[in-house]
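Below you'll find the structure, written out as structure tokens, and then a few comments.
We count ligands from 1, going down the list as the structure has it; atoms in each ligand are counted the same way.
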Amino acid sequence: MLKLGVNIDHVSTLRQARYATMLDSPNAEPDIVAAALAARTGGADSITMHVRGDRRHVQEEDVSRVKKACDLPINFEIASTAEMLEIALRLAPDFVCLVPENRQEITTEGGLDVTGQHDRVSDACQRLQQAGIEVSLFVDPVDEQIEAAARLGADAVELHTGAYADAVTDEAADREFDVLTAAAKTTRQAGLVLHMGHGLTYRNVRRVAAIEGVCEFNIGHSIVARAVLVGLERAVREMKTLVSNP
Ligand code: PXP
């Protein structure tokens, strides 16, 4: 059965909007551990968190708190920098997904250039695997990158589904779907475990879930966005009850 990794970065984004410098305030919410446990109750198979160089959402402490409180595997997304490798080795998540990172971007824009950064990615991959951590590489659905990931010994690739998700016409979505299907085949032939993620929503996920060989999706923004809407009515009702019954 296909696995769902729930990316809870944007739970932290909401907290950081107000509590960036006061993480241990009793009012710092939403609580990332509560979010991980709710995702678990909802059927998440793993929890994904990305500590970015600029710490804009998830903090190291979030990862260790979730790891302690929630028994789901942690998929830790990081850039392959010395700082992040050191953090990953210390936190010892079950999986690491190596991603490119650019300070100016709003979200991860493209896949990792595995061919162009071979030595750095290969070194990161080996150090993590020696510590017992499985490694996936977040790559564009391009044969050259997938084959390079297999050559340097990654356990899995996560195919970037952004171009498919962002397609504005049906024709463009069909074209990007075909690209993903072909890349999935290359991934299977290369003997790598196949993950997909980025930009997937309640509207576009079913089609890609039918692609042969896909084992796992990592989905964040759409789930957190929907959680805000499906939970808002109850949240208002609870507050209304409190203010109406002083
Ligand atoms: N997979 C990777 C490697 C990512 O970098 C991200 C975004 O942090 C996701 C999946 C989740 O993307 P989204 O939030 O658009 O579902």
Distance-only N or O hit between ligand 1 and Gly199, under 3.5 Å: yes
Is the shortest N/O to N/O distance between Gly220 and ligand 1 below 3.5 Å? yes
Closest non-hydrogen contact found for Asp155 with Glu134 is OD2-CA, 3.4 Å
Residue, atom and distance of the protein heavy atom nearest atom 1 (N) of ligand 1 read Glu158 OE2, 2.5 Å
Of His10, Glu77, His57, His198, the residue with the heavy atom nearest atom 12 (O) of ligand 1 is His198
Thr48 and Asn75: side chain donor to acceptor below 3.5 Å: yes
Using a strict cut-off of less than 4.0 Å between a Lys/Arg side-chain nitrogen and an Asp/Glu carboxylate oxygen, indicate whether Arg151 and Glu147 qualify as a salt bridge. no
Salt bridge Glu101-Arg56, side-chain N to carboxylate O under 4.0 Å: no
Is Ser222 close enough to touch ligand 1? Criterion: a residue heavy atom under 4.0 Å from a ligand atom. no
Which atoms of ligand 1 have any heavy atom of [X] under 4.0 Å away?
{"X": "His221", "result": "13 (P), 14 (O), 16 (O)"}
{"X": "Asn218", "result": "10 (C), 11 (C)"}
{"X": "Val99", "result": "3 (C)"}

Checking Arg18 against Glu29 for the salt bridge (Lys or Arg N to Asp or Glu O under 4.0 Å) test, could you report, in this order, the C-alpha distance in whole Å, the side-chain angles of both residues, the deciding distance, and whether it holds? CA-CA 9 Å; Arg18 179 142 322 172; Glu29 51 183 22; over 6 Å; no
Please report the C-alpha distance between Asp9 and Arg52 in whole Å, then the side-chain angles of each, then the deciding distance to 0.1 Å, and finally whether the salt bridge (Lys or Arg N to Asp or Glu O under 4.0 Å) criterion is met. CA-CA 10 Å; Asp9 291 352; Arg52 297 186 77 103; over 6 Å; no
